[in-house]
2 protein chains.
Amino acid sequence: VKVVKYDEMQCLISGLNFLLNRVPDEVFGYEGGMQSFADPHPYLLVNVGSGISFLRCISADKFERVMGSAIGGATFWGLVRSMTKVRDYDEAMKLAMAGNSDSVNMTVGDIYGGDYPSFSLPRNMTASFFGKVRSLTPLSLLIESPSNAVLFMVSNNIGQLTYLTAQKYGIEKIYFSGNFLRGNEIAMQALHRAITFWSGGKMRSCFLRHEGHFGALGAFLLHNGFTGEDIA
Amino acid sequence: VKVVKYDEMQCLISGLNFLLNRVPDEVFGYEGGMQSFADPHPYLLVNVGSGISFLRCISADKFERVMGSAIGGATFWGLVRSMTKVRDYDEAMKLAMAGNSDSVNMTVGDIYGGDYPSFSLPRNMTASFFGKVRSLTPLSLLIESPSNAVLFMVSNNIGQLTYLTAQKYGIEKIYFSGNFLRGNEIAMQALHRAITFWSGGKMRSCFLRHEGHFGALGAFLLHNGFTGEDIA
């Protein structure tokens, strides 16, 4: 067997563009269906792996990595494991889905007794992740709720960094990819809400049906001599 | 005793401006001394409390809260407590100072076997906070290193959000405040490095000698009828 190396992000984008241009229902929004775009460019591709890469995709042949974050999928798993001693990623995700982070996170209302009107902050907005833990006895910390809080914290932070990065480059279309998102309703909802909230509804968050297959498909295409123009 | 309420952020900024204009050595940079500015405006004030507030200070009388993050000082303490069962904030900070997060965090080199040259990512850059935990046995997780990793993670994330927010408004001068930073070398270093790295050295991170006293001073000034113009 001969191993040939291709750039990870180039593979990811080639596979994604190939499917975006050929599969009518590849893209979906968190709230219901979403029409396809004649040309998806320019878009921001946010790849949620162990860490996060933000790729500005200008055209079929032109992209650049414009931002990154080390708070990603592996951070969720590593933090949950450090807190709960759970030994399996799927188990950590199941815990997180079952939990309710209200007992762990501090809201605007918890701090100010209600809304903070001079800054238009509603009382139910999260003000501090894990902000309630200091006043809880360790025994009262069920493992579900901290896991849920970590999942929400990581996802919300990705959403905020995405908004700021997309805004910097004047991009309104965002594709989220990465195995971390597959079937992960809490993460998708948090990303969708963060983008909608920060952008005032101007930016659109898109998710992908063939999540997890773009890289392999892209490597196949590149190995067979396809170029960005062939794919588009 | 009659309690009179003043806006928290208005107090903070009034106290800060009063000292900025009167105390020659109030401001310091992470690396050595820093000259004072004839007029500090415009600046971004980043207040690190339980959560984070980013305040765009345009003039002595004009400021707005332009961004926020719920990953702040209480998140550090809450996460460390959830992982280690430490019962005291100072103890958590001592643990974090003694730890080395290299055993917990994953670097670019851990993932790619070296630098990732196509994106200019050096091998020693953190790629995923807590990314190594999945391959460690729970028993091998000493409490110092996860605490150190949480402190670095929270601080670095604040630095990145600060850079993106300051850039959005074209601000190059950043003041960091909040009790979380008092004597917190790891946080100050992480903030300074993040700002310098992301801005390519264009933005300046400033810290403050009378950290923790701005709010009280501002409340006193406002209660005694001082205005932004008096303070400036």
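The chains referred to below are lettered A, B, ... by the order of the sequence lines, with proteins before strands, and numbering in each begins at 1.
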Looking only at heavy atoms and a cut-off of under 4.5 Å, which of [options] has the most pairs with chain A?
options: B/A74, B/A70, B/S53; result: B/A70
options: B/Y116, B/W77, B/Y112, B/F130; result: B/F130
options: B/N156, B/T84, B/L121, B/T126; result: B/L121
options: B/Q167, B/E64, B/K132, B/M106; result: B/Q167

Per-residue contact mode, [X] against chain B (heavy atom under 4.5 angstrom):
X: A/Y89; value: neither
X: A/F76; value: neither
X: A/Q10; value: neither
X: A/S50; value: both

Smallest separation among heavy atoms of A/L222 and A/S14, with atom names: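 In terms of heavy atoms, the two residues are closest at CD2-OG, 3.8 Å.
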
For residues B/E144 and B/A98, report the shortest heavy-atom separation together with the two atoms involved.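 Heavy atoms only, the tightest pair is CG-CB, 4.1 Å.
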
Between [X] and chain A, with a heavy-atom cut-off of 4.5 Å, which part of the residue counts as in contact: side chain, backbone, both or neither?
X: B/M125; value: neither
X: B/Y163; value: side chain
X: B/S69; value: both

So that I know where these two stand, are A/F220 and A/F226 an aromatic pair - ring centroids less than 6.0 Å apart? no

Checking the side chain of B/N148 only, and the main-chain atoms of B/A96 only, is there a donor and an acceptor separated by less than 3.5 Å? yes

If we ignore hydrogens and angles and just use 3.5 Å, is the side chain of B/N184 paired with the main-chain N or O of B/F180 as donor and acceptor?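 Side chain of B/N184 to backbone of B/F180, a donor-acceptor pair under 3.5 Å: yes, one is there.
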
Any non-hydrogen side-chain atom of B/F119 less than 4.5 Å from a side-chain atom of A/M9?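 Touching, per the 4.5 Å side-chain cut-off.
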
Does a donor on one side chain and an acceptor on the other come within less than 3.5 Å for A/T107 and A/N124?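 Short answer, no.
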
Please check if atom CZ in B/R65 has more than 12 non-hydrogen atoms from other residues, nucleotides or ligands closer than 6.0 Å. yes

